[in-house]
Amino acid sequence: MDRGGDKHQQQQQPQLSVAKSSRQQRYNEWIFRDVPSDITIQVNGGAFSLHKFPLVSRSGRIRKLVAEHRDSDISRVELLNLPGGAESFELAAKFCYGINFEITSSNVSQLCCASDYLEMTEEYSKDNLGSRAEEYLESVVCKNLEMCVEVLQQCESLLPLADELRIVSRCIDAIASKACVEQIASSFSRLEYSSSGRLHMNRQAKSDGDWWIEDLSVLRVDLYQRVITAMKCRGVRPESIGASLVNYAQKELTKKSSLWNMSGQTKVDGISASTGHEKLVVETIVSLLPVEKLVIPINFLFGLLRSAVMLDCTIACRLDLERRIGSQLDIATLDDLLIPSFKHAGDTLFDVDTVHRILVNFSQQDDSEEDMEDASVFESDSPHSPSQTALFKVSKLVDNYLAEIAPDANLKLAKFIVIADALPEHARTVHDGLYRAIDIYLKAHQGLTDTDKKRLCKMIDFQKLSQEAGAHAAQNERLPLQSIVQVLYFEQIRLRNSLGCSNEDEPKPMHQSWRISSGALSAAMSPRDNYASLRRENRELKLELARLRMRLNDLEREHVCMKRDMQRSNSRKFMSSFSKKIGKLSFFANSSSRASTSPSRHSYRTDSKVIERTCASTD
């Protein structure tokens with residue numbers, strides 16, 4: 001390390017000598033030599049042979065130093081910690097000698113700080129350097145956003161004096177005001193009249209009010225934080241602030257490769273320093289994130305979370321990111337959830353604990369949304385409400401995540417179960433994805449005990465398996481016997497319900513299975529096992545067809561017996577009604593014979609004919 005430091009110093013010495021020689025050359029151009037110098041000013045290793053009178057007439061600090069040593073006739077003065085160093089003093093000395101030079105945005109902050117240090121104020125001379133620099137700062141710099149950014153860059157090496165002189169705060173306020181004005185102007189430019197004559201905002205038109213985003217990316221992180229905070233207070237759109245944060249993070253976190261090259265055991269001081277800078281950037285950006293949803297892309301939030309885990313950021317920073325991700329987890333992808341684990345060897349391949357906390361945040365956020373929507377029963381209870389749709393999407397995402405991490409040999413059963421149980425029971429309308437993940441876990445962890453297997457399979461609701469998944473589970477030797485029996489039982493109930501659908505008297509099935517593609521199940525089986533499975537299914541179908549034929553024969557026999565019983569019951573009813581009718585006819589015949597003679601004979605003849613016809617028909 002000593003040799004490397006010596007070598008670095010040897011490389012810097014020619015550079016310093018070149019800078020001194022060029023400064024001395026410029027110094028010789030403007031200093032007049034016809035009067036010998038009577039004072040030498042030393043600033044940061046540089047020496048300036050000057051004259052007391054021009055310096056004392058403008059600088060109160062030099063005047064006091066000369067007055068203190070009047071008796072000894074001082075000839076050398078050293079200015080320690082002069083803001084801006086030798087370059088700033090050279091400009092101040094030129095001003096003292098009356099030599100014209102241009103005040104620009106690249107040197108105005110140095111001139112303000114140097115004039116304050118040298119006490120070049122109106123008290124000692126009219127139109128002194130301090131007032132000239134302040135006038136340029138107020139009238140020129142603060143009217144232009146790009147100049148304000150450049151002055152802030154120059155102030156990075158002039159803190160805290162630049163902050164005490166309010167150079168930083170004035171530039172920050174000017175930037176925030178300009179950005180807000182640009183945003184309002186851009187919004188007005190997108191206003192247009194509709195066909196009905198009303199003003200509306202054209203959302204498709206490109207917004208030109210965010211051109212400042214690229215300019216702010218050159219600022220140091222502490223000054224950038226202050227600028228964004230001021231913009232929030234001024235009311236700049238959250239979308240614009242989010243876009244600026246994304247742009248700044250991409251530049252600050254990707255321009256150094258130390259974040260991704262930490263596998264080596266030895267660390268260099270430069271790498272450690274850059275890692276500390278990146279940690280500060282991540283924590284600062286997280287603290288500046290807007291509170292509005294869907295303003296920041298979720299893949300960017302996951303990128304920040306990976307960086308926060310890798311850089312060991314504060315717990316508050318990571319919890320804030322997890323909460324923000326959990327509030328919009330339904331739009332995440334599987335690649336987003338696969339957060340690598342950066343802990344010691346022997347741990348899981350992916351960070352399961354972080355994903356579990358994200359799922360807990362999602363579930364709590366979903367519960368709070370349902371409580372807020374309690375007044376609207378239709379939104380909270382409807383299966384098509386946003387919360388139910390989000391639950392369904394997240395359940396599929398979690399099942400795919402479980403299937404991805406299941407082959408990890410270091411994944412403990414407790415962590416797997418915790419991830420699977422993180423969502424409420426009504427989140428999964430079909431358990432095919434969960435069954436697939438559990439089957440992969442059982443295949444990768446064959447040393448599980450029967451108790452652990454039963455504990456794992458208790459999470460599956462076999463009634464919510466599709467027909468393909470149920471057929472696969474019934475033949476899965478990795479499942480415990482109790483689970484296989486449950487699968488067969490529910491498959492039998494499903495088959496009975498499907499048969500009962502053809503009969504109107506029997507109740508309809510209570511559960512209709514969800515149909516999914518069986519490609520995932522067949523892909524997990526070898527061709528030989530797949531062929532054997534097809535043969536078993538073929539034999540089962542033949543047996544089922546035979547049962548249906550036997551059932552059909554039984555139904556035909558029951559139909560014949562029912563027809564015969566109906567015929568017998570109809571004949572008995574007819575004889576009883578016939579006897580009653582005969583009794584009624586004879587009663588009316590006797591009464592009629594007593595009452596009259598001629599009509600009774602006629603009625604008796606007609607009744608006798610009816611009886612004869614009836615008897616003939618019965619015979």
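Residues: numbered from 1 along the sequence shown. Side-chain atoms are counted along with the backbone in the values below, which use heavy atoms only and exclude waters and symmetry mates.
Looking at heavy atoms from C-beta onward, T389 lies out of side-chain contact with D330 at the 4.5 angstrom threshold. With a 4.5 Å cut-off on side-chain heavy atoms, V485 and L488 do not count as touching. Annotation: side chain of Q153 is not in contact with side chain of L223 (no heavy-atom distance under 4.5 Å). Side-chain contact between Y248 and I213 is absent, with no heavy-atom pair separated by less than 4.5 Å. Inter-residue side-chain proximity for S327 and K293 is flagged as met; some heavy-atom pair is nearer than 4.5 Å.
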* Verdict with supporting geometry, Y435 and H472, ring-ring contact (aromatic ring centres under 6.0 Å, His included) -> CA-CA 10 Å; Y435 164 71; H472 185 274; 5.7 Å; yes

* I would like to know whether Y441 and F416 meet ring-ring contact (aromatic ring centres under 6.0 Å, His included); could you show each step before the answer? => CA-CA 9 Å; Y441 187 86; F416 186 90; 4.7 Å; yes

* Asked: What's the verdict on salt bridge (charged side-chain N to carboxylate O under 4.0 Å, His left out) for R478 and D439, showing C-alpha distance, side-chain angles and the deciding distance?
  -> CA-CA 7 Å; R478 290 183 287 272; D439 185 39; 2.9 Å; yes

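With respect to the salt-bridge test (charged N to carboxylate O, under 4.0 angstrom), the residues D432 and K464 do not qualify.
When the options D320, L289, D336 are evaluated for a side chain to side chain contact (heavy atoms under 4.5 Å, CB included) with L301, the one that passes is L289. Of the candidates L152, I228, I172, L152 is the only one forming a side chain to side chain contact (heavy atoms under 4.5 Å, CB included) with L219.
Counting only residues at least two apart or in different chains, side chain to side chain donor-acceptor pair (under 3.5 Å) contacts with residues 392-408 comprise D399-R428. Legend: salt bridge (Lys or Arg N to Asp or Glu O under 4.0 Å) pairs involving residues 481-493, not counting sequence neighbours, sorted by first then second residue: E491-R494.
The closest side-chain donor-acceptor pair between H277 and E252 falls under 3.5 angstrom. Between Y224 and S244, the side chains place a donor N or O and an acceptor N or O closer than 3.5 Å (distance only, hydrogens not considered).
Side-chain atoms of S363 come within 3.5 Å of backbone atoms of A422 as a donor-acceptor pair (strictly under, hydrogens ignored).
Residues meeting the side chain to side chain donor-acceptor pair (under 3.5 Å) test with D173, sequence neighbours left out: none.
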